[in-house]
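Down below is the structure, laid out as structure tokens.
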2 protein chains.
Amino acid sequence: MPTTELTATITDAEWRVMRIVWTLGQADSHTIIDLLVRQHDWKPATIKTLIGRLVKKGALGTTKDGRQYIYHPLIAEQAAMDTALTTELSQMCAMCRGKAFVHAIDETELSQEDIQALISHLQKKLTTAPTAVSCDCLPADYEGSC
Amino acid sequence: MPTTELTATITDAEWRVMRIVWTLGQADSHTIIDLLVRQHDWKPATIKTLIGRLVKKGALGTTKDGRQYIYHPLIAEQAAMDTALTTELSQMCAMCRGKAFVHAIDETELSQEDIQALISHLQKKLTTAPTAVSCDCLPADYEGSC
DNA sequence: AAATTGAGTTTACAACTGTAAACGAAAGGT
DNA sequence: ACCTTTCGTTTACAGTTGTAAACTCAATTT
């Protein structure tokens, strides 16, 4: 059975479409197009293409509503975000990820609640954290230097 | 003057090459190719292409050493990582970024030192953090729901 | 000096992306 | 029953990316 491929990669432009649908829960193309035309200087045709690609790749599902479709997400927003972020990180030097987090957190607006959640996760993580994480950019020889 | 374009986008495959050069500080193509052939199943020709593209886009600089070149980074590793991570985050719903961080931090191995740095940054950040960060996926109307 | 080797440069090529016009069929108006 | 509006589908097209062979010189070997 062609199980819902959760591996569907969403491109930058498609991400904009998904955010609309995720936020609204579901939407018809008119709504999506209307909102995106206002946010970007995209032509309606461009947005139609993006919607079509998202349906084809299994990120959006459709329900027939008379003559048109209602689109709804087939993948969860938080899961997509988690995957995207983890994928991005996994391609960077393991030794430098911590500093990248520091920078990203400095740059990102976070709510008190989020910050508290992060602190407690980090405190728990601290109890089993290694003294150092070594560079994994080379096969085995040499020594790292981020 | 064509100032060194720091905006140079590095693709996934190119990232592998950069990590080698960043870690070694500098390297000739033989070294880069040798290490990458071992890490991936890339042909030497593929790696040559990637090196050439990185030089063209200003991510690697060259120094002539007899018949060959010595390559060295023209962009800093940490800066590239910071930019990549921030760019990725900026395309996601602002309201959901905190949870994405939590997930990413759970999944990432971090040193005690990194964790402590994160905690203190977060504690400082907490003093000026807003109660909530709202969804920025829509123009103005509607309400968010990540 | 001729042959070989090795480093960088060109060319190749399909898939994916961003961007969008053109088209076809169904629905609605007159 | 026609014309028009709409919505989704097809087609288009250049630029990017992953992947790699072919080619061009200069240097090294015999």
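A quick note: this is a predicted structure, and the numbers were derived from the prediction, not measured. Below, read A as the first sequence line, B as the second, and so on, with proteins coming before strands; counting in each chain starts at 1.
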Value in whole Å for how far the [atom2] atom of [N] lies from [atom1] of [X]:
{"X": "K64(B)", "N": "dT9(C)", "atom1": "NZ", "atom2": "C1'", "result": "11 Å"}
{"X": "I47(A)", "N": "dT9(D)", "atom1": "CD1", "atom2": "P", "result": "16 Å"}
{"X": "Q68(B)", "N": "dT5(C)", "atom1": "CD", "atom2": "C1'", "result": "13 Å"}
{"X": "H30(B)", "N": "dT5(C)", "atom1": "NE2", "atom2": "P", "result": "15 Å"}
{"X": "L50(A)", "N": "dG18(C)", "atom1": "CG", "atom2": "C1'", "result": "8 Å"}
{"X": "I33(A)", "N": "dT19(C)", "atom1": "CD1", "atom2": "P", "result": "16 Å"}
{"X": "W15(B)", "N": "dT19(D)", "atom1": "CH2", "atom2": "P", "result": "17 Å"}
{"X": "Q91(A)", "N": "dT17(D)", "atom1": "CD", "atom2": "P", "result": "12 Å"}

Of the listed nucleotides ([options]), which one gets closest to any side-chain atom of [X]?
{"X": "W42(A)", "options": "dC7(D), dT17(C), dA20(C)", "result": "dA20(C)"}
{"X": "K48(A)", "options": "dC7(D), dG18(C), dT19(D)", "result": "dC7(D)"}
{"X": "Y71(B)", "options": "dT17(C), dA21(D), dG8(C)", "result": "dG8(C)"}
{"X": "A13(A)", "options": "dG18(C), dA20(D), dT17(C)", "result": "dG18(C)"}

(request) Could you check A45(A) against G66(A) and say which one's nearest nucleotide on DNA chain C is further toward the 5' end? (result) A45(A)
Looking only at side-chain N and O atoms, does [X] come under 4.0 Å of OP1 or OP2 in [N]?
{"X": "T46(A)", "N": "dT19(C)", "result": "no"}
{"X": "T11(A)", "N": "dG18(C)", "result": "yes"}
{"X": "R67(B)", "N": "dT28(D)", "result": "yes"}

(request) Spell out, as yes or no, whether a donor-acceptor pair under 3.5 Å connects the side chain of T87(A) to the backbone of T83(A). (result) yes
(message) Under a 3.5 Å threshold, yes or no: a donor from one side chain and an acceptor from the other, between D34(A) and T31(A)?
(response) no
(request) Could you check whether D28(A) gets within reach of a base, just the sugar-phosphate, or nothing at all, counting any heavy atom under 4.0 Å? (result) nothing
(request) Please confirm whether any donor atom in the side chain of R53(A) sits under 3.5 Å from an acceptor in the base of dT10(D), or the reverse. (result) no
(message) Looking at the base of dA7(C), is there any donor atom on it, or on the side chain of S29(B), that sits under 3.5 Å from an acceptor on the other one?
(response) no
(message) Using a strict threshold of under 4.0 Å (side-chain N to carboxylate O), is an ion pair present between K57(A) and E14(A)?
(response) yes
(request) In plain terms, say whether D136(B) and R19(A) are close enough for a salt bridge, that is, a side-chain N and a carboxylate O under 4.0 Å apart. (result) yes
(message) So if I apply the side chain to side chain contact (heavy atoms under 4.5 Å, CB included) rule between L122(A) and each of D106(B), L118(B), D114(B), which one comes out positive?
(response) L118(B)
